[in-house]
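See structure below.
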There are 2 protein chains.
Amino acid sequence: MARSTRPGIIDVARLAGVSLSTVSRAMNDNPTVDPALADRVKAAAAELGYAANPVARSLVLGRTQTVSVVIPDLANPTFQAILRGLSRAASADGYHVLISDTAEQVDEEAALVTTTRRRTDGVILCAPRLPQSGLSALLPSVAPAVVINRPPQADVPTVAADYGAATTELIAHLRSLGHRRIAFLSGVVASASGEARKRAIADASTSGDVEFVEIPAGVDFDSGAASADAVISSGATAALAFNDLVAMGLLSAVSTRGIRVPEDLSIAGFDDIPFAAYTTPPLTTAAVPSFEIGRDAWAAMHALLTGGEPTASAIFTPEVVIRASTGPVRNPAPQV
Amino acid sequence: MARSTRPGIIDVARLAGVSLSTVSRAMNDNPTVDPALADRVKAAAAELGYAANPVARSLVLGRTQTVSVVIPDLANPTFQAILRGLSRAASADGYHVLISDTAEQVDEEAALVTTTRRRTDGVILCAPRLPQSGLSALLPSVAPAVVINRPPQADVPTVAADYGAATTELIAHLRSLGHRRIAFLSGVVASASGEARKRAIADASTSGDVEFVEIPAGVDFDSGAASADAVISSGATAALAFNDLVAMGLLSAVSTRGIRVPEDLSIAGFDDIPFAAYTTPPLTTAAVPSFEIGRDAWAAMHALLTGGEPTASAIFTPEVVIRASTGPVRNPAPQV
DNA sequence: CTGTTAGCGCATTCAA
DNA sequence: TTGAATGCGCTAACAG
């Protein structure tokens, strides 16, 4: 029968015949304790199956060995990859991860960050939807914090992918294929990376020979599929989707309507999620190193936690991966 | 400037002109406190931005409002969906989720479960890879616990998908299409659901006119792709993959070898992950309600936590979704 | 090197 | 109804 109540530090002290502070020291490998005694204490602890209560330690030490990660949507492959990279790295450093999914509820984001921060040592905000003003107000009160996929924030390390540069590269790719009218499926959700994309598009359209048709869409597969008709009737010969999910939804929907990709319509996405390489045709996209972003976000947090020098903001430039979903313009679609 | 140190219960007591125990009572809506006084206390707390330290509360109350979830691989879409369902449901009940990814390291599984359990109120083991003996030894020491995707355990609620039944149905489907020689890509990882699949296959092969070729593979996309040659040379006209990931890898690899699916080879998977419907051709699979499994696992844990009646083990029977990756036998592949 | 004492911040006895 | 005292389990001063 397992003991119904776990052994406490006093039980170990009693068994080893020492004071409870000696047990504490021994268990924490404090060098000021006699080696022989330390062994005796550890043997007693092992015999009893004792391990210090982490909650009690947290209270007295003021740290929980846990960080909070707040994500807009656990169903998004990009965030999943970020979480995975983060979780693995934190685990390797002996830290635990408390995870929260805001389900894209912007108004609950701040509250979740604040609440979870109190039971952890720091919080990592993954692609927060909060407007800049709200973010600026929130961050100082929850330090240490790390922000993913937002522009550099005052006094807070940031790790992000440069969606603006990626957009520019993707546009250059499409232009080189002869596309002059491009549909842009913008995510309706307020996201910093979305703004960066729009800015890059604005730049390209003012300074170039290419025009854009913005089609408000969402951030998931279904919203991409729902935009199919709008894209088709837009007269665009190519579509730049908010992300791979949207691109795949669009690809799937236009295919069932008999539109050939890339002969009739070129489609490109962002992120390079796991299945982007296996759609039919395989998707051209800007590869965002999500796993690495998660890993680096942890590294920044770890530096903050261990008093290391504050990590500079890291920025990854996505690499455009050209696959078969984009091709040369054949017949410009008729203007509607 | 934000205060560098958060207000404590004493600060509120001082501001409200009451004792600290009255503050505690008021903040916890203890009915024995005078309503007017309670309002005054809460006003003071609001003014100071006070909220009780959750770590201190955890220590004194003996509960953390957090549960631990241990998963074999955060990159697996099925586990992601389970986690999502679990996380959403727990959050709705005011609980937090501590998440651990064992990275398929069986030997670290027990340690992770034990460790994380100590800083939480319970642990949910998602498809643990531990052998039954190890699981039986572990579970009593970490109660309350809930196990996902394992056969019913003594004194521990279980929620699982019936992979055996799903396998039987999938085989029946393939038989009805005329397939008599079927390759089974077994996951090399020790998993209970894998055993269930094998048992169903053994049953079918002993009692029927269909034979199976077991091809050891892994549990991910790449291992499915790596099995392509083995499947082709096996002479099978259909392949049952360990899961959709493996099926998609196989589908992709045989396609590049010029094998047509389903004309030359039928392929079926398990799980119905988000992209299974969008492969080319769309994948026939046994749909496992992962999100619901996660949700129900939480419900079982919540019942345990709130002293409700112990939830009976729940079992979901996956529904076979017939799509285009399976079709009638045309030319039995040549025996090698 | 080891034992004694004092909190960490709070909920909850026990008196009043 | 409220305040004073006790302790959750542990670490870290402080003595010895």
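Since the model is a prediction, treat every value here as computed from it, not as a measurement. Per chain, numbering begins at 1; letters A, B, ... match sequence-line order. These numbers come from the heavy atoms of this one structure, side chains and all, not from hydrogens, waters or symmetry mates.
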Counting primed atoms, P, OP1 and OP2 as sugar-phosphate and everything else as base, the B/S/- map of nucleotides 8-16 of chain D against protein heavy atoms under 4.0 Å is BBSBBB---
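Pairs passing the salt bridge (Lys or Arg N to Asp or Glu O under 4.0 Å) check and including a residue from residues 53-76 of chain B, sequence neighbours excluded, read A:R88-B:D73. For the salt bridge (Lys or Arg N to Asp or Glu O under 4.0 Å) condition, the pairs that include at least one residue of residues 8-17 of chain B, sequence neighbours left out, are B:D11-B:R14. Identified under the salt bridge (Lys or Arg N to Asp or Glu O under 4.0 Å) test for residues 19-41 of chain A, with sequence neighbours left out: A:D29-A:K42.
Among the atoms of the strands shown, base atoms are found under 4.0 Å from some heavy atom of A:T32. Here B:V55 lies out of heavy-atom contact (under 4.0 Å) with every strand.
Taking the 5' to 3' direction, DNA chain C first and last meets chain B under 4.0 angstrom from a heavy atom at C:dG9 to C:dT13.
Every residue was checked against the side chain to side chain donor-acceptor pair (under 3.5 Å) condition with A:Q105, not counting sequence neighbours, and none meets it. For the side chain to side chain donor-acceptor pair (under 3.5 Å) test, no residue two or more places apart in sequence or in another chain qualifies with B:R84. Considering only residues two or more places apart in sequence or on other chains, B:R129 meets the salt bridge (charged side-chain N to carboxylate O under 4.0 Å, His left out) condition with B:E104. With sequence neighbours left out, B:T64 forms a side chain to side chain donor-acceptor pair (under 3.5 Å) with B:D121. Evaluation of the side chain to side chain donor-acceptor pair (under 3.5 Å) rule for B:E109 yields no partner, not counting sequence neighbours. Scanning for salt bridge (charged side-chain N to carboxylate O under 4.0 Å, His left out) contacts around A:D107 gives an empty result, with sequence neighbours left out.
Axis angle across the helix from C:dC1-D:dG16 to C:dA16-D:dT1, with five pairs used at each end and values rounded to 10°: 50°.
Note on ring orientation: taking the six-membered ring where Trp is involved, the planes of A:Y95 and A:H302 are perpendicular (angle over 60°, cut-offs 30° and 60°).
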